[in-house]
Amino acid sequence: MSILVVAEHDGSRLKPGFLNTISAARKIGGDVAVLVAGHQAGAAAAAAAKVEGVGKVLHADAAHYASPSAENLAALVLTLAKEYSHVLAAATGFGKNFMPRVAALLDVAQISDISDVVSADTFVRPIYAGNVLATVQSKDPIKVVTVRITAFDPAAEGSGNAPVQTVAPGPDSGLTVVQGQELTKSARPELSAARVIVSGGRGMGSGDNFKILEALADKLNAAVGASRAAVDSGFVPNDYQVGQTGKIVAPELYIAVGISGAIQHLAGMKDSKVIVAINKDPEAPIFQVANYWIVDDLFKVVPELTKQLG
Amino acid sequence: MKVLVGVKRVVDANIKVRVKSDGSGVETANVKMAMNPFCEIAVEQAVRMKEAGTVSEIVAVSIGGPQSQETLRTALAMGADRAILVETDQEVQPLAVAKAFKALCEKEKPGLVIMGKQAIDDDCNQSGQMLAALLGWPQAAFISKIEISGDSAQITREIDGGLEKLSAKLPLVATTDLRLNEPRYVTLPNIMKAKKKPLENVKAADLGVDVAPRLTTVKVAEPPKRSSGVKVADVAELVQKLKNEARVI
């Protein structure tokens, strides 16, 4: 078996989920090659070559890979995929965007968001917002797989020494033109990589009230997240969203504030190691997954917690 | 411009599903069903574009058993003009959905296809991207805004960490994210009107597409339960537990 992992990176550094995807590849077994498509992204290719378990790195450089469109990236992967038994990418916004195109053009199914590897053709994946785990088998000649990064430990960085080969870039299809990105600027850690996450729900009442969560987050070096209800209510942008339709996280500590615990939110955070819930409703479903909970007014509890951590 | 909108019938988002006792699947008999929430957003978007004058006709499409007609009637009540059910009694997986939509696109020639980004039953998040690839069309996945001018679209889409702006020539496949719009409720008069709108049934085989599933479900199971936690009296006790018992701070 031979596995191609498509790396997500920002030109100089690999995104955190890449290391977890390598672990999933190693669990399948066989040789692991990594594709780094970018523009002047030699540093990211060099970093991938050092990751433990990586056999070789394929580096494609072109201006249209700086923020690659799904169309261009899928076309490039397609030129390489036939030599591999598996193509993997993280089930992040990056992988979810282009991987189904790869699968469709290979006329194979995609196995989305795997949380475990049973064998080279059989995988476990959560369905129904993580309330059910399905074990599925693919008989397709090439398995196109996206990986739930919280379900696999990161591979070790820095010990490997894989060769980096240049591969020819594909043409720019021009089907879509990426005109720019507006990234939320924050000194806090990324949600998907944070050790601690403080999340707010509808109970926060307004976007302005998220300031008390930010103060708590700063004490804990935590990321700030939100429930779908808080995003729907316009309190915070969608990239804060934790849940079935947002980000899937599994930090060491998850503090849910004013979040009732809808199925779709629990889907995104119930694999966290320790869950703390703060809610004034004693019947809130979030308490069913919490290790510790306080039934009280969040506007009293959160500032008090921030103070006591000081 | 004609718009094709995909709608899927799924277990209602508020229902907690149960695994069948033999582990072969999920219990769907006598369970409340509804239109997939992201498909509702897709229908709403098409209806708003029609109200704004950029869209002339909305065709709602579903693939599945005869019960999916109910879901199509909901789309008609929201404002779609007509509906097509691609009927099959097989389990429908995303590649099959994409192939059926491709066949319909070749016949209907829409300028835009709008689908939900993900169905809340299988959580696959694939069909729209697959359709765009099979047609060789541009894709705009996870959109929060779309504006059509002439033969091109300006799109804002949700990405990890923020937003991305795209432009694309039509025809285009777009998949909806949460913030695109808030779907309307259907009113009784519109439900009555929807009953008179045309709903066409075609067999998957008549479209000349193979909808056989590619993935076999070996088994389904419930995930391990979290061990039950404890209520703490106050912040001081919480901090003490986090420090000394859980050791996470």
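Chain naming here is simple, since letters A, B, ... match the order of the sequence lines and numbering starts at 1 in each. The structure presented is a predicted model; accordingly, all values stated were derived computationally and were not measured.
- Between Pro100(A) and Gln129(B), the shortest heavy-atom contact is CB-CB, 3.6 Å.
- Separating the CD1 atom in Ile275(A) from the CZ atom in Arg226(B) is a distance of 3.5 Å, to the nearest 0.5 Å.
- In this structure, the portions of Val230(B) lying under 4.5 Å from any heavy atom of chain A include both its backbone and its side chain.
- Atom CD1 of Ile155(B) is separated from atom CD of Gln179(A) by 9.0 Å, given to the nearest 0.5 angstrom.
- Within residues 297-305 of chain A, the residues approaching chain B closer than 4.5 Å by heavy atoms are, in numerical order, Val301(A), Glu304(A), Leu305(A).
- Separation of atoms CG (Asp123(B)) and CG (Asp113(A)) is listed at 7.5 Å; rounding is to 0.5 Å.
- Contact of the Gln241(A) side chain with the Leu178(B) side chain is registered, since non-hydrogen atoms from C-beta on lie closer than 4.5 Å.
- Between the side chains of Glu222(B) and Asn131(A), no donor-acceptor pair is found at a separation under 3.5 Å.
- When each of Arg195(A), Gln244(A), Glu252(A), Lys139(A) is checked for heavy-atom pairs under 4.5 Å with chain B, Gln244(A) comes out on top.
- Counting all heavy atoms, side chain and backbone alike, Pro237(A) lies closest to Arg179(B) at CA-NH1, 3.4 Å.
- Atom CG of Leu238(B) sits about 6.5 Å away from atom CD1 of Ile278(A), to the nearest 0.5 Å.
- The side-chain hydrogen bond (donor to acceptor under 3.5 Å, both in side chains) analysis of residues 228-239 of chain B, with sequence neighbours excluded, yields no pairs.
- The environment of NZ in Lys219(A) is crowded: more than 12 heavy-atom neighbours from other residues, nucleotides or ligands sit within 6.0 Å.
- The pair Arg214(B)-Asp107(A) meets the salt-bridge criterion, with a side-chain N (NZ, NE, NH1 or NH2) lying under 4.0 Å from an Asp/Glu carboxylate O.
- A pairwise comparison of heavy atoms in Leu105(A) and Ala133(B) identifies CD2-O, 3.5 Å as the closest pair.
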Listed pairs under 3.5 Å, donor-acceptor, residues 239-249 of chain B side chains, sequence neighbours left out:
residue: Asn244(B); atom: ND2; partner: Gln240(B); partner atom: O; Å: 3.4
residue: Glu245(B); atom: OE2; partner: Tyr292(A); partner atom: OH; Å: 2.6

Begin from the C-alpha positions of Tyr128(A) and Val26(B) and carry the test side-chain contact (heavy atoms from CB on, under 4.5 Å) through to its verdict.
-> CA-CA 9 Å; Tyr128(A) 288 94; Val26(B) 166; 3.7 Å; yes
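- Minimum interatomic distance between Gly161(B) and Lys247(A) (heavy atoms only, all atoms of both residues): N-NZ, 4.0 Å.
- Counting only N and O atoms by type, the side chains of Gln126(B) and Ser112(A) include a donor and acceptor under 3.5 Å apart.
- One finds the CG atom of Leu215(B) at 7.0 Å from the CG atom of Asp140(A) (value rounded to the nearest 0.5 Å).
- Among the residues in residues 13-23 of chain B, those with a non-hydrogen atom closer than 4.5 angstrom to a non-hydrogen atom of chain A are Ala13(B), Asn14(B), Ile15(B), Lys16(B), Val17(B), Val19(B).
- Across all their heavy atoms, Leu95(B) and Ala109(A) have their closest contact at CD2-N, 4.3 Å.
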